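Numbering of residues begins at 1 and proceeds along the displayed sequence. Please read these numbers as outputs of a predicted model, since none were measured by experiment. What's counted below: heavy atoms across the whole structure, side chains too, no hydrogens, waters or symmetry copies.
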Amino acid sequence: MKNKSATTIFLVFGLLLSSIAIVQADERPPPNSKPLSLILKSVEEQESGSISEAEFDDGLWEVKVCATDGCQKLYINPKSGREKRRKRIDSDEIPPTNVLILSTIIQSFEARKLGTITDVEFDEGFWDVELLKRGQGIELAIDSMTGEERS
């Protein structure tokens, strides 16, 4: 009886771990993706408004662009950089106009090869950047005026 219980617990635990691994693999852009900095630069050039967030989810980059008349979420193919669709969403905190351009900040972090960026969000004057490196999540707070990590 104890042997069956232990086997069941290990089986459930194994299934949970494999599910977590699949989710983590899904949250990472494919290896042949365009760099996030290029995708952001393209959005910055084509859209009026400010990017307030970029998140990799369900195989696409979801980039939130906000202007005075509201926000939109753009769904962008990571390999081609092409927009697949968009939708209107609730307003969000908008970075001020005098901050560094997000694509420039992201490009500097990509060059440092700290990990794969999976999420960037503007919050209270800082860019919260999430990276994956060897399966580990890393979170950084980046000053929006200087592009430097907050200590």
Who clusters with V99? Use side-chain heavy atoms, under 4.5 angstrom, across I, L, V, M, F, W and Y, and order the result by chain and number.
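M145, which link up through side-chain heavy atoms under 4.5 Å apart, make up the rest of the cluster.
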Salt bridge (charged side-chain N to carboxylate O under 4.0 Å, His left out) partners for [X], two or more places apart:
{"X": "K73", "result": "E62"}
{"X": "R85", "result": "none"}
{"X": "E53", "result": "K64"}
{"X": "E55", "result": "none"}

Which pairs pass salt bridge (Lys or Arg N to Asp or Glu O under 4.0 Å) with one or both residues in residues 96-123, sequence neighbours excluded?
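Qualifying pairs: R112-E149.
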How would you list all residue pairs meeting salt bridge (Lys or Arg N to Asp or Glu O under 4.0 Å) that involve residues 40-50, not counting sequence neighbours?
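Sorted pair list: K41-E45, E47-R86.
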Mind jotting down which residue pairs meet the ring pair (Phe, Tyr, Trp, His ring centres under 6.0 Å) criterion with at least one end in residues 69-93? Sequence neighbours excluded, please.
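The answer is none; no pair qualifies.
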Tell me the ring pair (Phe, Tyr, Trp, His ring centres under 6.0 Å) pairs involving residues 78-122, sequence neighbours left out?
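Listed once each, the pairs are F122-W127.
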For S48 versus A67, what's the shortest heavy-atom pair and its separation?
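Answer, listing the atom of S48 first, then A67: O-CB, 4.0 Å.
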Nearest non-hydrogen partners of L40 and A54, listed with the distance:
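Between these two residues, the closest heavy atoms are CD2-CB, 4.0 Å.
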Applying side chain to side chain contact (heavy atoms under 4.5 Å, CB included), name anything that partners [X], two or more places apart in sequence or on another chain.
{"X": "R88", "result": "D69, Q72"}
{"X": "T146", "result": "D143, E148"}
{"X": "K133", "result": "I138"}

